[in-house]
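Working notes, beginning with the structure itself.
Here is how names work: the chains are called A, B, and so on, in the same order as the sequence lines, proteins then strands, and each is numbered from 1. Because only heavy atoms are used, hydrogens play no part in the values below, and waters and symmetry mates are left out as well, while side chains stay in.
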2 protein chains.
Amino acid sequence: MANDEGPTRIQVKNRGLILEAGLDVFSTDGFRGATLDGIAKAAGLSKPNVLYYFGSKEAIYRALLDTLLDTWLDPLRALDPEGEPLEEFLGYVRRKLVLARDFPRESRLFAGEILRGAPLMADALAGDLRQLVDARCEVIRAWMTSGRLAPSDPHHLVFSVWALTQHYADFEVQVAAVLGPERDRWAEAEAHLVEHFRRVLVMRRVSHNDRSP
Amino acid sequence: MANDEGPTRIQVKNRGLILEAGLDVFSTDGFRGATLDGIAKAAGLSKPNVLYYFGSKEAIYRALLDTLLDTWLDPLRALDPEGEPLEEFLGYVRRKLVLARDFPRESRLFAGEILRGAPLMADALAGDLRQLVDARCEVIRAWMTSGRLAPSDPHHLVFSVWALTQHYADFEVQVAAVLGPERDRWAEAEAHLVEHFRRVLVMRRVSHNDRSP
DNA sequence: CGTCCCTTTTACCAGACGGTCAAATATAAC
DNA sequence: GTTATATTTGACCGTCTGGTAAAAGGGACG
């Protein structure tokens, strides 16, 4: 395996199989709930063979988390300071929702890690994540102070995007149980969220009797 | 233990200790991640002694879940069809947020169970939960059709309350990492959520140029 | 004091789990 | 085909885990 010319075809294939299987198992059972035997079976390999590619169960989990945060933050990263504020933000919401819809296992893996106190991600959260969020929040704040978006706390606004989009992936069984099998959860969610954030962010003309009965 | 006169004082005390310890351990480690030894140690009892009160690890977990859903739905149940719609709904949001703030372990326990596909709660979700939600959604829908709340899908509106309030409990480490230690997460969250839902729900006068540049 | 029942502990088990090791097998290079 | 290396396997180990059995405390009541 110590090789000058990078990974073999077989290595690429099997590492991929293992990561895929690991994503399946870790996202449904959590780190402690997952077993090497389970991952090995899901990958179609023997347990020692899995350990030949990843030295330990934790190594597989870490490898998954490493790529995860980056992908997960792409929609926020893509928020363009030069664009039209409202459409830019709604685009962010849509991209985040698409991510949740197309990669629910990744969403649940991430959720499980955070839920348990992020033992392996604390650094990334306080580092890369916080930096990116702070930077984008400054952009949003500028949009607000220039009167192009209704004012509110940018950080909590971002939290609300995370919460609302990931809810549909992380708590899918609950959403499905309440809505029933016929309704198209994801289509409804997109319509609802876009309208929601439109109402939250569109500037309205000040009207002294808006809140009177 | 088969007794005519209900549980002994000592039974009440120890069952309480075990449930409290179980809540601690299950909410941070999940069902599979939790161990009887861990629960026993947290409760200050020996493992067989724990099993004397609850026949199995799963029995402790079930006992916790059984009481959980009811408490968790109280704020929604308390929504009064006769009240003033907007304040009634905002009151619901506040009560739900207080619950998340004061009982984060319960929130995480619930989140973990749903995240893993709700193997022990599927019935409750499709039964009691769905019934209550459907009923309250009818109330909200009536408020909307009578023009006292801005129209939107009541079910997704309820989801958004769940998502936004529980986010602050379930992903507390992430919120804390991004906001830093100084800011008062819960106070800010309340202000932000109340304003958020106000904007979403307050009827605005129709204005043909609201969305024009 | 003795008896009954509730409670607690000590010792233990069978299976699961993460991981190791050496041998066997496949693959590529010459 | 031979050799060197990469891959795969079966057997195994120490530990952890949920759960059991039986016997030892302990308190209320006669």
Side-chain angles (χ1 to χ4, degrees), chain A residues 1-65 112-113 116 119-120, chain B residues 1-65 112-113 116 119-120:
Chain A
M1 222 170 127
N3 195 335
D4 298 344
E5 312 173 21
T8 317
R9 258 163 319 197
I10 281 182
Q11 281 173 23
V12 172
K13 191 192 81 180
N14 283 349
R15 290 183 82 97
L17 282 176
I18 293 168
L19 288 176
E20 172 68 19
L23 181 58
D24 249 17
V25 177
F26 281 129
S27 68
T28 53
D29 296 342
F31 176 73
R32 290 217 49 184
T35 70
L36 275 175
D37 292 280
I39 296 170
K41 195 198 276 184
L45 301 172
S46 67
K47 183 169 60 171
N49 203 5
V50 168
L51 287 165
Y52 172 72
Y53 289 101
F54 291 87
S56 69
K57 175 181 163 183
E58 192 179 311
I60 308 174
Y61 189 70
R62 290 196 114 100
L64 286 168
L65 284 186
E113 172 67 10
R116 269 134 198 67
L120 300 181
Chain B
M1 222 171 126
N3 195 338
D4 298 345
E5 312 172 21
T8 317
R9 253 165 282 135
I10 213 167
Q11 280 174 22
V12 172
K13 192 193 80 180
N14 282 348
R15 290 182 81 96
L17 281 176
I18 293 168
L19 288 175
E20 171 69 18
L23 181 58
D24 249 16
V25 177
F26 281 129
S27 68
T28 55
D29 296 341
F31 176 72
R32 289 217 49 183
T35 70
L36 276 174
D37 292 281
I39 296 170
K41 195 199 276 185
L45 301 171
S46 67
K47 182 170 61 171
N49 203 5
V50 168
L51 287 166
Y52 171 72
Y53 289 102
F54 291 87
S56 69
K57 176 180 163 183
E58 192 180 311
I60 307 174
Y61 189 69
R62 289 196 115 100
L64 285 168
L65 284 186
E113 172 67 11
R116 270 135 197 64
L120 301 181

**Request:** Could you check which residues of residues 30-44 of chain A get a heavy atom under 4.0 Å from DNA chain C? Sort them by number, please.
**Result:** A:Ala34, A:Thr35, A:Leu36

**Fill in**
Those residues at least two apart in sequence (or on a different chain) that pass ring pair (Phe, Tyr, Trp, His ring centres under 6.0 Å) with B:Phe31 are B:Phe26, B:Tyr61

**Asked** Taking only residues two or more places apart in sequence or in another chain, which ones pass salt bridge (Lys or Arg N to Asp or Glu O under 4.0 Å) with B:Asp29?
**Response** none

**Partner set under side chain to side chain donor-acceptor pair (under 3.5 Å) for B:Arg32, not counting sequence neighbours** = none

Show me the side-chain donor-acceptor pairs of residues 33-41 of chain B shorter than 3.5 Å, one per line, residues at least two apart or across chains.
| residue | atom | partner | partner atom | Å |
| --- | --- | --- | --- | --- |
| B:Thr35 | OG1 | B:Gly38 | N | 2.9 |

**Asked** So, does B:Glu20 use its side chain to make a donor-acceptor pair with the main chain of B:Ala43 at under 3.5 Å?
**Response** no

**Message:** For the helix from C:dC1-D:dG30 to C:dC30-D:dG1, what angle separates the axis at the start from the axis at the finish, each from five pairs, in steps of 10°?
**Reply:** 10°

**Request:** Taking all non-hydrogen atoms of both residues into account, name the closest pair between A:Leu51 and A:Gly55 and its distance.
**Result:** CD2-O, 3.6 Å

**Fill in**
Whole-Å distance, A:Leu51 CG to D:dT8 P, equals 13 Å

**Message:** Could you report the tightest heavy-atom contact between A:Ala63 and A:Phe54, atom names first, then the distance?
**Reply:** CB-CE2, 3.9 Å

**Request:** Using heavy atoms and a sub-4.0 Å distance, could you list which residues of residues 54-61 of chain B are near DNA chain D? By number, please.
**Result:** B:Ser56, B:Lys57

**Item:** Phosphate OP1/OP2 of C:dC6 contacted by B:Asn14 side-chain N/O (<4.0 Å)
**Value:** no

**Prompt:** For A:Asn14, what residues pass the side-chain contact (heavy atoms from CB on, under 4.5 Å) criterion, not counting sequence neighbours?
**Reply:** A:Ile10, A:Leu17, A:Leu45, A:Tyr53

**Prompt:** Within less than 4.0 Å of OP1 or OP2 of C:dC6, is there a side-chain N or O belonging to B:Gln11?
**Reply:** no

**Asked** Please walk me through it: do B:Glu113 and B:Leu65 pass side-chain contact (heavy atoms from CB on, under 4.5 Å)?
**Response** CA-CA 9 Å; B:Glu113 172 67 11; B:Leu65 284 186; 3.9 Å; yes

**Asked** Heavy-atom contacts under 4.0 Å between residues 18-27 of chain A and DNA chain D, which residues?
**Response** none

**Phosphate OP1/OP2 of D:dT8 contacted by A:Tyr53 side-chain N/O (<4.0 Å)** = yes

**Message:** Between A:Leu120 and A:Arg62, is there a side-chain heavy-atom distance shorter than 4.5 Å?
**Reply:** yes

**Message:** What's the separation between atom CD1 in A:Ile18 and atom CG in A:Leu23, rounded to the nearest 0.5 Å?
**Reply:** 13.5 Å

**Request:** Check B:Ile60 against B:Val50 and note the closest heavy-atom contact, atom names and distance.
**Result:** CD1-CG1, 3.8 Å

**Fill in**
Scoring nucleotides 9-14 of chain C by protein non-hydrogen atoms under 4.0 Å (B base, S sugar-phosphate only, - none) yields BBB---

